[in-house]
Visitor: 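Structure provided below as structure tokens; questions to follow.
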Amino acid sequence: MLDIHFIREHSDIVKAGAAKKHIEVDIDGLLKLDDERRSLQQKVDDRRSEQNKISDQIPKLEGGEREVKIAESKLLKDKLQEDEKKLKEVLKQWRALMVQVPNIPDMSVPEGKEDSDNKEIRTWGEKKEFSFTPKSHVELMQKLGMVDLERGAKVSGFRGYFLKGDGARLNFALWQFAMNFFNEKDFTPVITPSLVRGESFFGTGYLPQSEEDLYKTQDDSYLAGTSEVAAMGMHANEMLDVKELPKKYFAFSPCFRREAGSHGKDTKGLVRVHEFFKFEQVVLSEASHEKSVEYHEELTKNAEDMMRALKLPYHVVVNCGGDLGLGQVKKYDIEAWVPTEDAYRETHSASYFHDFQTRRLGIRYRDENGDIKFAHSLNNTFMATPRLLVPIIENYQNEDGSITVPEVLIPYMGKDVIT
RNA sequence: GGAGAGGUGGCAGAGUGGUCGAAUGCGUCAGUCUUGAAAACUGAAGUCCUUGAAAGGGGACCGUGGGUUCGAAUCCCACCCUCUCCGCCA
């Protein structure tokens, strides 16, 4: 959510930002509604003020005088209730519009409508040249007994899977590697709930826009598609001290996504599944654009370091305006090379939000001068499995169908090749 | 799942219809005292909306949302959360 004062004073910037994101929102309508809201609020406040004055007098009066004042107050009350009703209606529309206003993308975000317009900013690693025709991760893993998709679908439904044998081992190895990677960093590891109530989804911007991609329980909570939701909700409605910032979390949770808009995409294998696991980096920082940029680069670097340690060829793209979420100011995707698709596929997504999320969540802090500010928030994937298995398996495959274990994982796998 | 108790400022905790944005204690900040500190004493201090150049003015906020009333922290309803006991359970 943006600050209404900012929207009022810089409606041209807000409009341009929405246009860049290819999001339609009626800013002029919002401004008109805001005028209405303020004048009604004033009216209601004035009436209340009058009524408060009368209310103060009533207990001091006796008999007839008292009755007269009470009657007067009753009349006032009727008018007040009328205005309050109007105000409530206006506020409802106002809020509905407010949550649709997107955050303003950074100047450095390229123009564009969809992910194909994203701009590559760097590549790392050599795309491997195979002396044979590489096989897909599905074929390789099935042959090696690392995954069971048929039984996965039988038990779990569409996109269901069992990781088993060395598939499960490889996943555990990655998790241990991830944990150790963060051991000496200034991040607090945290295992977050996946079963989360609506407020945190509103706060992070997943609701109301993306409700169809969330699993909802019969108790009206939702299953989170990323631990960002719970990690951000953790400090909702808190007043932090500037000395506590930045708060850096290394959050882990199971993640659930309905993939409602992705029917027919990636229907085979482990790229797109309904249920997966993710280590996420989440940062609450001081309200400064420079700090946000600094942490954004840091979070991106952490993920890249991990990819480099695994020796997976990847590139980094800066997402275009149309590929940014409602609250995102800027986003980098890291995409790993997947040989059988002859393409880079997204494994990480690093974004910063300025105070878009924290304003909704009420995450504030008192700075050195005692001023109250909304913190800034950022997040980036560190490692999502089983998706990350896909580039590992495919890039490390050998002609005989065996998989070389990435060097950094050998200690956790206890072997250097999967056969 | 059943029975009960409760949610008040940074914390503890009073307040059961009007003079309560809210006693008191602790903590915080400033000052006095002190070589410095502690103690003691004096004083200050909530958040949000709105209006105003500012000083200031007005309004809201006692878990959340409704309701009763001229008037609600206080009464009623729903929901959320916490605690205790019983049952079930990894």
Side-chain angles (χ1 to χ4, degrees), chain A residues 1-9 30-99 101 191-203 207-208 216-222 229-230 233-245 247 253-254 287 355 358-375:
Chain A
M1 188 141 59
L2 292 181
D3 185 354
I4 183 63
H5 301 103
F6 182 87
I7 299 176
R8 246 190 265 152
E9 280 156 41
L30 173 63
L31 291 178
K32 221 165 124 195
L33 210 55
D34 189 55
D35 287 340
E36 235 179 293
R37 178 200 128 234
R38 279 185 296 160
S39 75
L40 270 171
Q41 184 70 58
Q42 198 55 57
K43 209 164 159 192
V44 166
D45 285 354
D46 289 346
R47 288 214 198 281
R48 285 226 179 98
S49 171
E50 214 178 316
Q51 188 160 43
N52 285 345
K53 275 182 202 132
I54 298 176
S55 276
D56 282 344
Q57 295 168 11
I58 289 174
K60 293 171 194 144
L61 298 173
E62 300 273 331
E65 271 188 327
R66 190 185 169 106
E67 293 310 314
V68 169
K69 281 290 173 194
I70 288 178
E72 197 182 319
S73 184
K74 259 185 197 168
L75 273 172
L76 208 56
K77 182 195 176 183
D78 290 341
K79 285 193 219 158
L80 177 64
Q81 281 182 332
E82 224 172 273
D83 291 337
E84 276 182 328
K85 210 171 143 190
K86 279 188 219 157
L87 177 62
K88 219 179 204 171
E89 187 46 45
V90 168
L91 267 176
K92 200 175 142 193
Q93 295 174 32
W94 183 85
R95 285 199 195 98
L97 267 178
M98 278 297 280
V99 298
V101 180
I191 298 173
T192 67
S194 300
L195 187 62
V196 178
R197 312 211 350 238
E199 296 95 89
S200 295
F201 287 92
F202 277 101
L207 282 176
K216 190 175 186 179
T217 74
Q218 65 265 48
D219 300 312
D220 290 333
S221 47
Y222 300 84
V229 182
M234 188 156 49
H235 293 292
N237 302 315
E238 288 184 18
M239 180 78 75
L240 305 168
D241 193 287
V242 67
K243 293 188 204 91
E244 299 175 69
L245 299 177
K247 283 195 174 290
S253 78
D355 60 7
T358 53
R359 186 184 305 280
R360 289 187 178 200
L361 287 162
I363 302 175
R364 297 177 300 169
Y365 71 97
R366 220 179 271 280
D367 71 10
E368 297 83 355
N369 305 319
D371 293 333
I372 291 166
K373 292 189 170 137
F374 288 103

Visitor: Is A/Glu65 atom CD crowded by more than 12 heavy atoms from other residues, nucleotides or ligands, each under 6.0 Å away?
Guide: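 Not more than 12 within 6.0 Å, no.
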Visitor: Measuring only the P atom in each nucleotide, how far is B/U82 from B/G25? A whole number of Å is fine.
Guide: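 To the nearest whole Å, 33 Å.
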Visitor: In this structure, which one of A/Asp355, A/Thr358, A/Asp367 forms a side-chain hydrogen bond (donor to acceptor under 3.5 Å, both in side chains) with A/Lys373?
Guide: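 In the set A/Asp355, A/Thr358, A/Asp367, the residue that makes a side-chain hydrogen bond (donor to acceptor under 3.5 Å, both in side chains) with A/Lys373 is A/Asp367.
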Visitor: Please write out each protein N/O paired with an N/O of nucleotides 18-23 of chain B under 3.5 Å, distance rounded to 0.1 Å.
Guide:
{"residue": "B/G18", "atom": "O6", "partner": "A/Arg66", "partner atom": "NH2", "Å": "2.8"}

Visitor: Verify the contact: side-chain N or O of A/Arg197 to OP1 or OP2 of B/C79, cut-off strictly under 4.0 Å; return yes or no.
Guide: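 For B/C79, OP1/OP2 do not have a side-chain N/O of A/Arg197 under 4.0 Å.
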Visitor: Measuring from atom CG of A/Asp45 to atom CG of A/Leu40, what distance do you get when rounded to the nearest 0.5 angstrom?
Guide: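 A/Asp45 CG to A/Leu40 CG: 10.5 Å, rounded to 0.5 Å.
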Visitor: Has A/Asn237 got a side-chain N or O lying under 4.0 Å from the OP1 or OP2 atom of B/G63?
Guide: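 For B/G63, neither OP1 nor OP2 has a side-chain N or O of A/Asn237 closer than 4.0 Å.
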Visitor: Answer yes or no: does a side-chain N or O of A/Arg38 lie under 4.0 Å from OP1 or OP2 of B/U51?
Guide: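 Yes, such a contact exists.
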Visitor: Using atom C1' of each nucleotide, how far apart are B/G21 and B/G9 to the nearest Å?
Guide: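 It comes out at 9 Å once rounded to the nearest Å.
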Visitor: Should B/A90 form a Watson-Crick or G-U wobble pair with both distances under 3.5 Å, which nucleotide is its partner?
Guide: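 In the structure as shown, B/A90 has no Watson-Crick or wobble partner.
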Visitor: Does the pair A/Lys53/A/Glu50 count as a salt bridge with the N-to-O cut at 4.0 Å?
Guide: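 The answer is no: the pair does not qualify as a salt bridge.
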Visitor: Going by purine N1 to pyrimidine N3 plus the second Watson-Crick contact, or the G-U wobble pair, all under 3.5 Å, which nucleotide sits opposite B/G18?
Guide: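 Paired with B/C70.
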Visitor: Could you measure the distance from the NZ atom of A/Lys243 to the CG atom of A/Leu245? Nearest 0.5 Å is fine.
Guide: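 These two atoms lie 11.0 Å from each other.
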Visitor: Quick one: A/Glu72 CD to B/U69 P, roughly how many Å, whole number?
Guide: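 In whole Å, B/U69 P and A/Glu72 CD are 19 Å from each other.
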Visitor: Give me the distance, rounded to whole Å, that separates B/G15 from B/U8 when you measure between the C1' atoms they each carry.
Guide: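 Approximately 9 Å lies between the C1' atom of B/G15 and that of B/U8.
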Visitor: Rounded to the nearest 0.5 Å, what separation is found between the CD atom of A/Glu84 and the NZ atom of A/Lys77?
Guide: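 Going from CD on A/Glu84 over to NZ on A/Lys77, the span is 10.0 Å.
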Visitor: Rounded to whole angstroms, how far apart are CG on A/Asp34 and C1' on B/U50?
Guide: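 Value for this atom pair: 11 Å.
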Visitor: Over how many whole Å does the gap from A/Asp46 atom CG to B/C49 atom C1' extend?
Guide: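 For the pair A/Asp46 CG and B/C49 C1', the rounded distance is 14 Å.
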Visitor: I'd like the P distance from B/G6 over to B/A60, given in whole Å.
Guide: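 It comes out at 29 Å once rounded to the nearest Å.
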Visitor: Look through every strand shown and name the nucleotide pairing with B/U24 as Watson-Crick or G-U wobble, where both distances are under 3.5 Å.
Guide: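 B/A12 is the nucleotide pairing with B/U24.
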Visitor: Please report the distance, rounded to the nearest Å, between CG in A/Leu75 and C1' in B/G71.
Guide: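 After rounding, the reported distance stands at 15 Å.
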Visitor: Rounded to the nearest angstrom, tell me the gap between atom CG in A/Asp83 and atom P in B/G59.
Guide: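 About 16 Å, once rounded to whole Å.
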Visitor: If we take the C1' atom in both B/C33 and B/U42, what is their distance in whole Å?
Guide: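 One C1' to the other, the span is 11 Å.
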Visitor: Hey, are A/Arg38 and A/Asp34 close enough for a salt bridge, meaning a charged N less than 4.0 Å from a carboxylate O?
Guide: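 The answer is yes: the pair qualifies as a salt bridge.
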Visitor: Where the side chain of A/Arg48 is defined as all heavy atoms beyond and including C-beta, which of B/G71, B/C49, B/A60 is the nearest nucleotide?
Guide: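 In terms of side-chain proximity for A/Arg48, the closest of B/G71, B/C49, B/A60 is B/A60.
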Visitor: Under 3.5 Å, is there any donor-acceptor pair linking the side chain of A/Asp45 to the base of B/G58?
Guide: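 Yes, the side chain and the base share a sub-3.5 Å donor-acceptor pair.
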Visitor: Please report the distance separating the P of B/U16 from the corresponding atom of B/C11, rounded so that it comes out in whole Å.
Guide: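 Nearest-Å result for B/U16 against B/C11 at atom P: 23 Å.
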Visitor: Using the closest heavy atom to pick a nucleotide of RNA chain B for each, name whichever of A/Lys77 or A/Gln81 lands nearer the 5' end.
Guide: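 The 5'-side residue here is A/Gln81.
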Visitor: Which base, if any, makes a Watson-Crick or G-U wobble pair with B/C29, both distances under 3.5 Å?
Guide: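 B/G43 is the nucleotide pairing with B/C29.
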Visitor: Under 4.5 Å between any side-chain heavy atoms of A/Lys43 and A/Asp46, yes or no?
Guide: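 No - every pair of side-chain heavy atoms lies 4.5 Å or more apart.
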Visitor: Answer with base, sugar-phosphate or nothing: what part of the nucleic acid does A/Ile372 contact at a heavy-atom distance below 4.0 Å?
Guide: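 Sugar-phosphate: the residue A/Ile372, judged by heavy atoms under 4.0 Å, touches backbone atoms but no base.
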Visitor: Under 4.0 Å, heavy atoms only, any strand: does A/Lys88 hit a base, just the sugar-phosphate, or nothing?
Guide: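 It contacts sugar-phosphate atoms only.
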Visitor: Both distances under 3.5 Å, Watson-Crick or G-U wobble: report the partner of B/A53, or none.
Guide: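 Checking every strand shown, B/A53 finds no partner, since no pair has both distances under 3.5 Å.
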Visitor: Check the phosphate of B/G59 against A/Asn52, side-chain N and O only, distance under 4.0 Å to OP1 or OP2. Yes or no?
Guide: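 So the side chain of A/Asn52 is within the cut-off, an N or O lying under 4.0 Å from OP1 or OP2 of B/G59.
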Visitor: Report the residue from A/Arg95, A/Glu89, A/Lys88 that forms a side chain to side chain contact (heavy atoms under 4.5 Å, CB included) with A/Leu91.
Guide: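 So the option named by the test is A/Arg95.
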Visitor: Quickly work out the A/Phe6 CZ to B/C49 P distance and round it to whole Å.
Guide: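 My rounded result for the distance is 17 Å.
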Visitor: More 5' along RNA chain B: A/Met239 or A/Ile4, using each one's nearest nucleotide?
Guide: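 So the residue in question is A/Met239.
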Visitor: Taking atom C1' in both B/A55 and B/G65, compute the distance separating them and give it to the nearest angstrom.
Guide: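 Pairwise C1' distance, B/A55 against B/G65, rounds to 38 Å.
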Visitor: Compare side-chain N and O positions of A/Arg364 against OP1 and OP2 of B/C48 and report whether any pair is under 4.0 Å apart.
Guide: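 Yes, A/Arg364 has a side-chain N/O under 4.0 Å of OP1/OP2 on B/C48.
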Visitor: My understanding is that a pair needs two contacts under 3.5 Å, Watson-Crick or G-U wobble. By that rule, which nucleotide pairs with B/U84?
Guide: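 Looking at the geometry, B/U84 pairs with B/A3.
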Visitor: Touch check for A/Gln51, heavy atoms < 4.0 angstrom, all strands: base, sugar-phosphate only, or nothing?
Guide: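 Here A/Gln51 touches the backbone only, sparing every base.
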Visitor: Which part of the nucleic acid does A/Arg47 contact within heavy-atom distance under 4.0 Å: base, sugar-phosphate only, or nothing?
Guide: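 No contact at all - A/Arg47 keeps every heavy atom at 4.0 Å or more from the nucleic acid.
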Visitor: Mind listing the closest non-hydrogen atom pair of A/Leu207 and A/Gly198 along with its distance?
Guide: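 Shortest heavy-atom separation between A/Leu207 and A/Gly198 comes out as CD1-O, 4.0 Å.
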Visitor: Checking all strands, does A/Arg359 fall into the base, sugar-phosphate, or nothing category for heavy-atom contacts under 4.0 angstrom?
Guide: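 If one applies the 4.0 Å heavy-atom cut-off, A/Arg359 turns out to touch nothing in the nucleic acid.
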Visitor: Provide the distance between the two P atoms, one in B/U24 and one in B/C76, to the nearest whole Å.
Guide: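 One P to the other, the span is 29 Å.
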Visitor: With both distances under 3.5 Å as the test, what is the Watson-Crick or G-U wobble partner of B/C79?
Guide: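 Partner of B/C79: B/G63.
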Visitor: Ignoring backbone atoms, establish whether A/His5 has a side-chain N or O less than 4.0 Å from OP1 or OP2 of B/U50.
Guide: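 Result: yes.
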Visitor: Kindly point out which of B/U51, B/G59, B/G71 is positioned nearest to the side chain of A/Gln42?
Guide: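 Output: B/U51.
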